[in-house]
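Below: one structure, written as structure tokens.
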Amino acid sequence: YRCDTIVEPRLSDQWFVRMAPLAGPALEAYRNGTLRFIPERRGDDYTQWLDGIRDWCISRQLWWGHRIPAWTCGRCGEITVAENDPSACASCGGEELVRDPDVLDTWFSSQLWPFSTLGWPAETEDYATYYPTHLLVSGPDILFFWIARMVMIGLEFTGKAPFADVHLTGIVRDAEGSKMSKSRGNTLDPMDLAATYGADALRFTLMFSAASGTDLALGAEKVELGRNFANKLWNASRFVLMNLDADFTAGSLNDLDESRLDVADRWILTRLAEVWRGADRAFEEFRPNDVANLLFEFVKHDFCDWYVEWAKVRLSDPAAGLQVRRLLVGVLEESLRLLHPLMPFLTEEIWQRLPLPPRPAESIMLAPWAVTGVSESPQARAAMASIQALVGAIRELRQELRIPPAARPRVVLAVPDAALRERLGEYREHILRLAVAGELEIHPALAKPAGAASAVLPGMDVYLPLEGVIDREAERRKLEKECERVERLMQAASRRLDDATFRARAPADVVQREEEKRSEFRTILERLERNLEAVR
Ligand SMILES: [Zn+2]
């Protein structure tokens, strides 16, 4: 047994429930669509178990639990089963009754939970209102113990399945993927995690990382993702609030001056509408992790990293300033509403501090789950993508060539498309600021300038002349050394892969890893050689 004592089998009388008559209607409820499982494959497990169901031993020799309602007669030995304590034997009328000492299996009691908690068998208002309900969220490990039995007993006693949808989530496991257990000592206390990282950080991380119905390996450090995200949102919100001047008047996203919207405004409003649609659908389809991923990407990347940075250039512009501030507040406010189910505390805290035209509700909990219907702009989306790609490429070159953070290099572009040329020219100031560059030259066509680092993007070639920006001689030596090092690593991988014995004997995943390494080294080498060419 659990204490390692050898178990000695002994025959004894026990109480059983005949299950076949209960299983039939429960199977039927699934087959006719009254009952639905998410993910769907769990329906097969449910069917299999009910198809092969066996009678259920429900008596337990324990102290705690519902007592079995059966009395043995001291005179004739017959058993009386009754809802209320009987005063006499149902068989001979004798009064020497002894109650069965056993209690019910705990799952027998808990299968009654959906309706017994509502006052059943009394016809209470709660029971009439809340039974049956829509959704049960639970773990797949108790699909049979609890969920299937609630369905069977609900159908038996009330004639209705207790819920329509059963969402079976994954199970949180330890960092190595083993089941958490107290005896193994590999548990994480959620209260500790909440104290260390914040309750919203923990909640968001769990939502973000748990793909629907798949188990989640959780190490404490994973919760840093949620904490960093929460900090990012908090800091961006603080920035927005600090930049509202005393005479700021709130305004709705409905009343924007269309003529003053720039490419980033149109882009962020388009993205907001898209993200809302995506999140709404993901919630409908029980994919909370997709909701978390969409919002993470939007709030962190689109809003904080791009839109807020972009807006900084325009805050001092007297003509655009008020509208930009209204946009910052408006987009932030609607993002908070979308994020609220995943980060309830932080979003409420920030939301209460935002100046809103009229506050739509007393609490963000009561604010509508919707965003302002704005006109979406695929053109702005495409233009912004080009600008982001350009800024990203310049940042990458800066990093690879170790251009000092304070240096403001000149950026030279070859852009054949006239419309794109015009777009990029229009947002020159933003691009320079975001890429930390000094000058931006845009040409329709251009031979590669000598001594320039380069990157190729859809629709444009990017050059960064390095003269005077870095010490080319020192950089060349560093890059040459790095090239040699990576080349040696690549050759070592090649030798192993060319070795017939290695290929024959090593496990497939080891060979595959080696192949991945080689192709990774090749990519790095190509990039190094390209950069080397620029400094030669
Ligand atoms: Zn009797």
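Read the numbers this way: they start at 1 and go in the same order the structure lists the ligands and their atoms.
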Could you pull out all donor-acceptor pairs under 3.5 Å where a side-chain atom in residues 129-141 meets a protein atom, sequence neighbours excluded?
residue: T129; atom: OG1; partner: E125; partner atom: O; Å: 2.7
residue: Y131; atom: OH; partner: T158; partner atom: OG1; Å: 3.1
residue: Y131; atom: OH; partner: K160; partner atom: O; Å: 2.9

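Side-chain contact check for T124 and D126: no donor-acceptor pair (N or O, by modelled atom type) lies under 3.5 Å.
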Check your understanding: Going through the checks in order, is the ring pair (Phe, Tyr, Trp, His ring centres under 6.0 Å) test met by F303 and F298?
Key -> CA-CA 6 Å; F303 184 70; F298 176 72; 7.0 Å; no
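Here the protein contributes C73 SG, C76 SG, C89 SG, C92 SG as N, O or S atoms under 2.8 Å from the Zn ion (ligand 1).
For the ring-ring contact (aromatic ring centres under 6.0 Å, His included) test, residues two or more places apart in sequence or in another chain that qualify with F108 are W56. Legend: residues meeting ring-ring contact (aromatic ring centres under 6.0 Å, His included) with Y46, ordered by chain and number and at least two apart, are Y30, F37.
To the nearest 0.5 Å, atoms CD (E514) and OG (S519) are separated by 11.5 Å.
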